[in-house]
Structures are given as C-alpha cells and as structure tokens.
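All values derive from a computational prediction rather than experimental measurement. Along the sequence shown, residues are numbered consecutively beginning with 1. Below, each value reflects all heavy atoms present in this structure, side chains not excepted, and no hydrogens, waters or symmetry copies.
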Amino acid sequence: MKIYDVEGFPNPARVRIALAEKGATDKVSFVPVDVMGGEHRSAEFKAKNPDAVVPCLELADGTHISQCNAITEYIDAEFDGPSLTGTSAKERAMVSMMNLRAENGLLNAVAAYFHHATPGLGPDLETDQCAEWGTRQKDVAGSTMAYLDSVLADNAFLAGENFSMADITAFAGLAFADFAKVEIPDSLQNLQAWRAKVAARPSIAG
C-alpha cells in the first residue's frame with residue numbers, strides 16, 4: 001500500500017492519524033507529492049486521482065482510493081484495533097454525521113477562507129479566488145466551533161464516548177485554523193479541553 005500525500009497538510013494528517021490509531025503506519029509507504037510545484041495537477045497524478053488533491057491511497061492491485069473519509073473507512077476495515085467508524089448502526093450513523101459536520105463546517109470552511117480570502121498557497125496555485133466567499137466561510141468555521149463546544153459539554157468525544165474519525169477530522173480542522181489564523185474563542189472551554197485530550201493521544205503526540 002502506498003499513500004501519496006504531503007506531510008503536515010490537514011487532510012493527509014487525518015489519514016496518518018487514522019493509521020497510527022490502528023497501529024498500521026508501518027504497513028504503508030508514503031510517497032511525497034510536490035503540491036507547491038503543482039505535481040498534484042499533472043496528468044500523471046490525475047490519472048491516479050482525478051480530484052487532483054492529496055491524500056490518495058494506492059493498493060497492491062493498482063486500485064486508487066481518494067477522499068479522506070473513504071480512505072479512513074478502508075483503513076478502519078482493513079486493520080485490527082478499535083473502530084474509528086463505529087460498530088453498531090447507531091454509532092456508525094453518529095460518527096458519519098459528526099464527521100461530516102466537522103469536515104464541512106470546520107475543516108472545509110477554514111480551507112475556503114485560507115484559499116480564497118488570504119494569499120493561500122500563492123498566486124501560482126490560487127488562481128480562482130473569491131474573497132467574499134472565503135470571508136463568509138470563516139464565519140461558518142466560527143459557528144461550527146461553537147456547535148462542537150456544545151456537543152462536547154455532554155460527550156467525551158464528538159460522536160459519543162468513543163474516539164472516532166469525527167474527532168480526527170475536527171482536530172485536523174483546528175490545526176488548519178491555527179495555520180490560517182482563525183482563532184478558537186477562549187470561551188469555548190469544552191472544545192479547548194477536548195483538543196488537549198486528543199493531542200495527548202499516542203497517535204498524535206508520538
């Protein structure tokens with residue numbers, strides 16, 4: 001198995017955390033992609049992943065799987081260890097719901113702000129910006145942080161009592177927020193405490 005990615009980028013980080021949670025980091029090889037040089041937009045890379053983004057998982061039979069949620073679901077099913085996607089029908093549904101809320105409302109919203117309302121990755125890559133859209137998405141990210149804080153007032157993790165891919169997605173979203181200078185309000189104490197707890201997990205703290 002190979003994973004094409006850029007170490008330190010938010011979506012690749014989600015997959016790396018999932019692998020570490022399953023104790024499977026040594027089961028894959030990582031292939032760096034020169035995103036700053038535009039390699040992800042090359043015909044060769046788009047033949048693997050037409051979305052032209054990282055990460056992308058390549059299986060031994062040549063199958064390519066993109067999209068973080070799909071990659072994480074594959075990892076969760078392929079390797080032993082505590083489930084990241086839920087075991088019962090209810091838990092799977094809760095994990096999926098909270099993961100999408102964290103992805104759309106936080107990580108993707110921060111990404112939209114970064115790529116549209118700031119210099120982002122520079123003029124060579126940011127060729128179709130809409131600052132108004134980006135600024136609006138910054139507000140969405142703030143609202144989502146407040147929502148997640150309210151969920152964590154009554155739950156140990158975002159989808160209940162068990163750590164899941166929803167927590168991974170939200171953690172990566174907050175890391176991206178730091179990078180994009182989207183601050184977490186000091187008033188969101190539940191979110192802050194959850195973040196510190198997740199950061200101390202071996203899959204993240206090392």
Are side-chain heavy atoms of Asp5 and Val33 found at a separation under 4.5 Å?
no
side-chain hydrogen bond (donor to acceptor under 3.5 Å, both in side chains) evaluation trace for Asn99 with Ser164
CA-CA 9 Å; Asn99 181 67; Ser164 73; over 6 Å; no
Check against side-chain contact (heavy atoms from CB on, under 4.5 Å), Val31 and Glu58:
CA-CA 10 Å; Val31 181; Glu58 181 178 284; over 6 Å; no
Between Cys68 and Val15, does the side-chain contact (heavy atoms from CB on, under 4.5 Å) criterion hold? Intermediate values first, please.
CA-CA 7 Å; Cys68 278; Val15 171; 4.2 Å; yes
Does Lys197 make a cation-pi contact with Phe157, if we ask for NZ or CZ under 6.0 Å from the ring centre and within 45° of the axis?
yes
Is it true that Glu78 and Lys27 have a side-chain N and a carboxylate O under 4.0 angstrom from each other?
no
Got a sec: does the NZ of Lys90 have more than 12 other heavy atoms crowding it under 6.0 Å?
no
Answer yes or no: does atom NZ of Lys46 have more than 12 heavy-atom neighbours from other residues, nucleotides or ligands under 6.0 Å?
no
If we count only N and O atoms by modelled type, under 3.5 Å, do the side chains of Thr63 and Asp61 hold a donor and an acceptor together?
yes
Look at Arg14 together with Glu103 and state whether they make a salt bridge at an N to O cut-off of under 4.0 Å.
yes
Note: Asp80-Lys22 ion pair, threshold 4.0 Å (strictly below):
no
Taking all atoms of both residues into account, what is the closest heavy-atom pair of Val35 and His40, and its distance?
O-CE1, 3.3 Å
Taking all atoms of both residues into account, what is the closest heavy-atom pair of Arg16 and Thr25, and its distance?
O-OG1, 4.5 Å
Tell me the closest heavy-atom pair linking Pro185 and Gln192, and the distance in Å.
O-NE2, 3.7 Å
What verdict does the side-chain contact (heavy atoms from CB on, under 4.5 Å) test give for Glu73 and Ile75, after you've listed the backbone C-alpha separation in whole Å, the side-chain angles of each residue and the deciding distance to 0.1 Å?
CA-CA 5 Å; Glu73 288 172 7; Ile75 290 168; over 6 Å; no
Taking the side chain as C-beta and beyond, is there a heavy-atom pair between Trp194 and Asn190 under 4.5 Å?
no
So Ile3 and Leu19, do their side chains get closer than 4.5 Å, heavy atoms only?
yes
Find out whether Met98 and Leu148 are in side-chain contact, i.e. whether some heavy atom of one side chain is under 4.5 Å from a heavy atom of the other.
yes
Asn11 and Pro55, any side-chain heavy atoms less than 4.5 Å apart
yes
Minimum side-chain heavy-atom gap Met1-Leu57 below 4.5 Å:
yes
Identify the two heavy atoms, one from Ile65 and one from Ala70, that lie closest to each other, and give their separation to 0.1 Å.
CG2-CB, 3.9 Å
Contact between Val198 and Phe163 at the side-chain level, heavy atoms closer than 4.5 Å - yes or no?
yes
Quick one: do Arg195 and Asp178 make a salt bridge, cutoff under 4.0 Å?
yes
Please check if any side-chain donor atom of Gln129 sits under 3.5 Å from a side-chain acceptor atom of His116, or the reverse.
no
Which heavy atom in Thr72 sits nearest to a heavy atom in Ala18, and how many Å separate them?
CG2-CB, 4.1 Å
dist Asn162:CG -> Thr87:OG1 (nearest 0.5 Å) comes out at 7.5 Å
Show, in sequence, the C-alpha distance, side-chain angles and deciding distance for Asp76 and Met165, and conclude whether the side-chain contact (heavy atoms from CB on, under 4.5 Å) test is met.
CA-CA 9 Å; Asp76 198 35; Met165 72 172 178; over 6 Å; no
Spacing of OH belonging to Tyr74 relative to CZ belonging to Phe79, to within rounding of 0.5 Å:
7.0 Å
Looking at Asp186, I want to see if its CG is surrounded by more than 12 non-hydrogen atoms of other residues, nucleotides or ligands under 6.0 Å.
no
Phe30/Tyr4 aromatic ring centres below 6.0 Å:
no
I need the minimum non-hydrogen distance between Asn49 and Cys56, along with the two atoms involved.
CB-SG, 3.9 Å
Heavy-atom distance under 4.5 Å between the side chains of Ile17 and Arg201, does that happen here?
no
Distance check, rounded to the nearest 0.5 Å: Lys2 atom NZ versus His64 atom NE2?
8.0 Å
